[in-house]
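The shown structure was predicted, so the numbers you read here are calculated from the model rather than taken from an experiment.
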Amino acid sequence: DRTINCVTVDGDTSTNDTAILLANGASTVHIEPDGPALHPFETALMNVLTELARKLARDGEGASHLVEITVAGAPTFAEARKAAMAVANSPLVKTAIYGRDANWGRIACALGNSGVEFDPTKTDISLGGLELMREGTPQSFDEDRALVILGEEEIKIAVDLNAGNESATVWTCDLTEKYIEINGAYRT
């Protein structure tokens, strides 16, 4: 729920959107539930799954940017993830990224559409470290700096709902003309 299930390209799923982890015993490695090898194994597994999640999002159909969205300050992980996924699935956010438009309003709108209860007047939004909104108030920002950030291959959106201590990170990509070309060119 913190890696592969935090990836979205277009909000749709298909029968081939599956990840399975198997252990058949052939390695003869046995990890005890409370043993010393458990924590290093879990850490390594999370690192691999996080890297796979990032690569899946970056390899989205027609994508030109990997987009990482972190929602912090939520009451629960589930609410943070739900809010982050709403931003990640928003066609308006995805096309703004592609168009290099630092449009905080599209991010705020997606948060509002998420179904997660929060106070917009306490919400902060930043893009690649560039503050766009503080406590619900749009901030003046350097448009040239925003263009540089939006020109990078990886775009980071950070939201703080200031309503709790939980956070979630999800990965997506931008939405380009190439996405339409790829998906309009075949029939299943």
### Message
What's the separation between atom CG in Asp174 and atom CG in Leu66, rounded to the nearest 0.5 Å?
### Response
9.5 Å
## Note on the structure
The residue among Thr137, Val159, Asp160, Asn162 that forms side-chain contact (heavy atoms from CB on, under 4.5 Å) with Thr123 is Val159
### Query
Do Val87 and Leu92 share a hydrophobic cluster, counting only Ile, Leu, Val, Met, Phe, Trp and Tyr and linking them when any side-chain heavy atoms are less than 4.5 Å apart?
no
### Task
Would you please test Lys156 and Thr70 for side chain to side chain donor-acceptor pair (under 3.5 Å) and show each step?
CA-CA 8 Å; Lys156 293 187 178 192; Thr70 300; over 6 Å; no
### Atom pair CG (Asp124) and CD (Gln139), whose distance is rounded to the nearest 0.5 Å
8.5 Å
### Message
Less than 4.0 angstrom from a charged side-chain N to a carboxylate O is my criterion; do Glu131 and Arg134 meet it?
### Response
yes
### Query
Rounded to the nearest 0.5 Å, what separation is found between the OG1 atom of Thr3 and the CG atom of Leu56?
10.0 Å
### Query
Which of these passes side-chain contact (heavy atoms from CB on, under 4.5 Å) with Cys6: Thr50, Asp1, Val170?
Val170
### Query
Hey, quick one: are Leu38 and Leu45 part of the same hydrophobic cluster, counting side-chain heavy atoms closer than 4.5 Å, chains of contacts allowed?
yes
### Residues Thr121, Asp119; criterion side chain to side chain donor-acceptor pair (under 3.5 Å); working and verdict
CA-CA 5 Å; Thr121 66; Asp119 184 348; 2.6 Å; yes
#### Entry: salt_bridge(Glu154, Arg58) N-O dist < 4.0 Å
no
### Query
Roughly how far apart are Cys173 SG and Ile155 CD1, rounded to 0.5 Å?
12.0 Å
